[in-house]
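Have a look at the structure below before the remarks.
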Amino acid sequence: MSSKSPYYITTAIAYVNGAPHLGHAYEVILTDVMARFRRLDGHQVFFLTGTDEHGEKVATTAERNNMAPRDFCDKIAAQFVEMDEILNISHDDFIRTTQPRHYAASQAIWNELTKRGDIYLGKYEGWYSVRDEAYFGEDELNTDENGKKVAPSGAEVTWKEEPSYFFRLSAYTEKLLAYYEQHPEFIEPDTRRNEIVSFVRQEGGLKDLSVSRTSFDWGVPVPNDDRHVMYVWLDALTNYITGVGYPDTNSDTFKTFWPADVHVIGKDIIRFHAIYWPAFLMAANLPLPKKIFAHGFINVEGQKMSKSLGNVLSPHDLVNAYGVDQTRYFLMREVPHGQDGNFSHEQAILRLNSDLANSLGNLAQRTLSMIAKNCGEVVPQPDGFTEDDKALLDLAHIRMLPLVRHEYDRFMIHRAIEEIMRVSYEANSYIDRQAPWGLKKTDPQRMNTVLYVLAEVVRCLALIMQPLTPASAARMLEQLAVAENERSFEFISSGHSLKPGVKLPAPQGVFPRMGDAQNQKAAG
RNA sequence: GGCGGUGUAGCUCAGCCGGUAGAGCAGAGGAAUCAUAAUCCUUGUGUCGGGGGUUCAAGUCCCUCCACCGCCA
């Protein structure tokens, strides 16, 4: 197809402890938008998402629901699969850590680490919190009102002692620091990298990491010692290589796609991805992913989403209220690169109306309906372009894509959207300046040219909107009679302009205005 | 407590290596009427968190203080 480099992008795999919420939706949409952009831009893309299903917490939750862990996981995993369908996610594979292929990969990497001498048997003892899935030092604990010891999170802790395998993380302190130094783009945004570097630089360096448990059995068995199951994070992180065929490092997928171009994750799990994962990979003698991108969280009406506040939004709520493409667009538009974003119904309506309905949707509609009424329902024949025409066409054909691509390269989707909207504004300004409705009587030839220019700009806008609003962009392209195999970004050029005389279907509005009805529905 | 970040128009944010502030939305006025009552044009006197310093010149560099956030302890 093209000589552009393959592109491997992943979401974090979702922990199946609970149902999908808006945060999961945001992450998978962000990743999907990036994956679609790269595909349309000529890259061979592999987009992996999935679910993380092991660990004591899942086992406990399953038990509380009177379900076997596996059945419980099946149930929740199905909800994530369903969410991806609803959100029109274009993943190439959906991995579950309970799949046989993943057991094979996890045990293989374990064996590699062992072979390398980086895993040894020791003993873990300390105060353990099931809820946090973590041990705490005596000095980290607080005392609650009943005089009981609790974790910093407030979770109950119990004294536990268990034999455990350890990963020699301490041996990687300097190697990791050197890697961060040599690859400043490895962790983004910068503020997250600063945090990681200062953590790794801590006095005494990194401590070895407990990587197995004997106190429960819901996990991948440790090879040659099945009293132990592997630590969930070692198991979970390995999904990124399982997905491309590990342990078969000679497979086509592995050779093509590893190392991954980017792991898209939430800022809360940066440490696992920016410290543990590269250390594991170094130990297994595998190349490291090129980038860890940590996104922020979505607040709702200015407040953190939380069950106790009762303001948890499900992806379904938004999709029902605004539509799939609108939900995708709003989240991408309103959450700046790596920062937290805010969702509010008022803002959603303002944004969706002003960007999608008023500017872009209306531009397409006014253009197409004038063509339908005045040009015999076919692409009009242009007749010589003026400077004004050329300026707008150049913007759409030549300048827009590089500007947008530059922002995508940096995960600045909100900025990319601004660049796209700028073109839409320019086109609306042009249409008023040229006033084709007035030319109808005075100069029909010129009217045809103006409408042709507009239709051509709408075509380019629809093409570049595809990653963000795939279904709506497709509808716009259908209305312009653009064939499905002519929708990649190489068609954003004057060389692939609309052919005059081609019959066009009846225009239909693509981005409806949101009114109070939607607001009510969403709030309820 | 340590490290890092943020604080710029009503709202969300841009402002690279210093040269006396910008964009979108919202608001106001006008034009137009092809279109989803959508569009276009015009319109922002903001102590750029406070104070001090360096400089001919500082959101933009230095110091300090305040507020908020993140990571670590």
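Convention: sequence-line order gives letters A, B, ...; per-chain numbering from 1. Quick note: numbers below take in every heavy atom, side chains included, and nothing from hydrogens, waters or symmetry partners.
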Contact class for [X] vs. all strands (heavy atom < 4.0 Å): base, sugar-phosphate, or nothing?
X	value
F511(A)	base
R201(A)	nothing
K440(A)	nothing
R415(A)	sugar-phosphate

Exercise. Could you check R271(A) against N358(A) and say which one's nearest nucleotide on RNA chain B is further toward the 5' end?
Key: N358(A)

Self-check item: 5' precedence on RNA chain B between P336(A) and D268(A) (nearest-nucleotide basis)
Solution: P336(A)

Near-ring test [Y]/[X], centroid separation under 6.0 angstrom:
X	Y	result
Y172(A)	F167(A)	yes
H273(A)	Y240(A)	yes
F186(A)	Y179(A)	yes

Quiz item: Going through the distances and angles, do E188(A) and R193(A) end up as a salt bridge (charged side-chain N to carboxylate O under 4.0 Å, His left out)?
Solution: CA-CA 6 Å; E188(A) 270 188 54; R193(A) 186 182 60 239; over 6 Å; no

Practice problem: Could you measure between the two P atoms, the one in U42(B) and the one in A37(B), and give it in whole Å? | Solution: 24 Å

Quiz item: Using the P atom in both, what is the distance from C34(B) to G15(B), to the nearest Å?
Solution: 42 Å

Quiz prompt | Nucleotide G27(B), atom P - distance to CG of L350(A) in whole Å | solution = 9 Å

Give none if [N] has no partner; otherwise give the nucleotide forming a Watson-Crick or G-U wobble pair with it, both distances under 3.5 Å.
N	result
C72(B)	G1(B)
A67(B)	U6(B)
A28(B)	U42(B)

Any [X] side-chain nitrogen or oxygen under 4.0 Å from OP1 or OP2 of [N]:
X	N	answer
S359(A)	A38(B)	no
K267(A)	C71(B)	no
R513(A)	A38(B)	yes

Practice problem: Say whether, by atom type as modelled, one donor and one acceptor occur between the side chain of H24(A) and the main chain of H21(A) under 3.5 angstrom. | Solution: yes

Quiz item: Taking the chi torsion of G59(B), is it syn (within 90° of 0) or anti (everything else)?
Solution: syn

